[in-house]
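Report on the following structure.
Counting from 1, the numbers follow the sequence of the chain as shown. Note that these values count all heavy atoms, side chains included, but never hydrogens, waters or copies made by symmetry.
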Amino acid sequence: MKDEIVLIGAGAYAHVIVDLLSEIEQFKIAGVCTPDLKYGDIFDKGIYCLGDDTDLLSMYRLKITNAVVCVGSLTNLSRRMEIYVHLKSIGFNLPILVHPSAVISKRASLSEGTCVMPRAVVNAYAQVGVMGIINTSCVIEHHCLLGDNVHVSPTACLCGGVSIGGNTHIGAGSVINQGISVGNDVIIGSGSVVTRNVIDNKIVKGVPAK
């Protein structure tokens, strides 16, 4: 029997999570929790709104104890962690979700709430903090350390030994050279090549990224 899981949020990223869960046999989607729909409204084929944030405790009491945060907006990345903290305070489990086509080293470490999309690679001794988004076809090389709530966009490549601080967004197709350290709350523009360390609260882009 499959475990029920509730989607938290009903934006575009939630449809991506629906596809991801369709490839993972363990879970059945119970519905979506969002203030953007009314109770009973349809979100996706066969998936209905179960209520908003005020209904989460009653969902948990009804034995829906698994949740996945479907908020992935670059403009409000910190909101994901706020939701995570709230869900944990109620008692929800936020499972690690990995697409079957992804390649995860047995020596890598993924933390709760992390979603790994198709054809992504996470190599030996890489560590990913809670609530990570490891997107389609990106590469997290050996011994990389990713903080909490890091979003690595499609086809980005983090070379060996890279360190990424929390709440940081790595743009699509970016390359971060081996051994580079990137701080907290950083945005790296799409297609950038990062060749030097980046301090907290910076936006960098270009080749090389500045």
Would His142 and Tyr125 count as a close aromatic pair, with their ring centres under 6.0 Å?
-> no
Please answer: with hydrophobic residues joined when any side-chain heavy atoms are less than 4.5 Å apart, are Val71 and Val116 in the same cluster?
-> no
Is a side-chain donor-acceptor pair under 3.5 Å present for Asn167 with Asn149?
-> yes
side-chain contact (heavy atoms from CB on, under 4.5 Å) assessment of Arg80 paired with Ile133 = CA-CA 11 Å; Arg80 287 175 52 79; Ile133 299 176; 3.6 Å; yes
Would you say Lys2 has more than 12 foreign heavy atoms packed within less than 6.0 Å of its NZ?
-> yes
Treat each ILVMFWY residue as a node, draw an edge where side-chain heavy atoms are under 4.5 Å apart, and state whether Phe43 and Leu20 are in one component.
-> yes
Glu112 and Lys88: CA distance, side-chain angles, deciding distance, salt bridge (Lys or Arg N to Asp or Glu O under 4.0 Å) verdict | CA-CA 11 Å; Glu112 65 179 352; Lys88 294 299 292 183; 3.2 Å; yes
Run the side chain to side chain donor-acceptor pair (under 3.5 Å) check on Asn93 and Asn66 step by step: do they pass?
-> CA-CA 5 Å; Asn93 174 51; Asn66 297 297; 2.8 Å; yes
Under a 4.0 Å N-O cut-off, is there an ion pair linking Arg79 with Asp53?
-> yes
Got more than 12 heavy atoms from elsewhere within 6.0 Å of CZ, Phe27?
-> yes
Does any donor atom in the side chain of Ser101 or Arg119 lie under 3.5 Å from an acceptor atom in the other side chain?
-> no
Please report the C-alpha distance between Val150 and Ile164 in whole Å, then the side-chain angles of each, then the deciding distance to 0.1 Å, and finally whether the side-chain contact (heavy atoms from CB on, under 4.5 Å) criterion is met.
-> CA-CA 8 Å; Val150 172; Ile164 306 292; 3.8 Å; yes
Ile203 atom CD1, neighbour heavy-atom count above 12 within 6.0 Å | no
Report yes or no: does Ser190 contribute a side-chain atom to a donor-acceptor pair with the main-chain N or O of Gly173 at less than 3.5 Å?
-> no
Student check: side-chain heavy atoms of Val32 and Val6 closer than 4.5 Å = no
Which heavy atom of Lys205 sits nearest a heavy atom of Ser192, and at what distance?
-> CA-OG, 3.1 Å
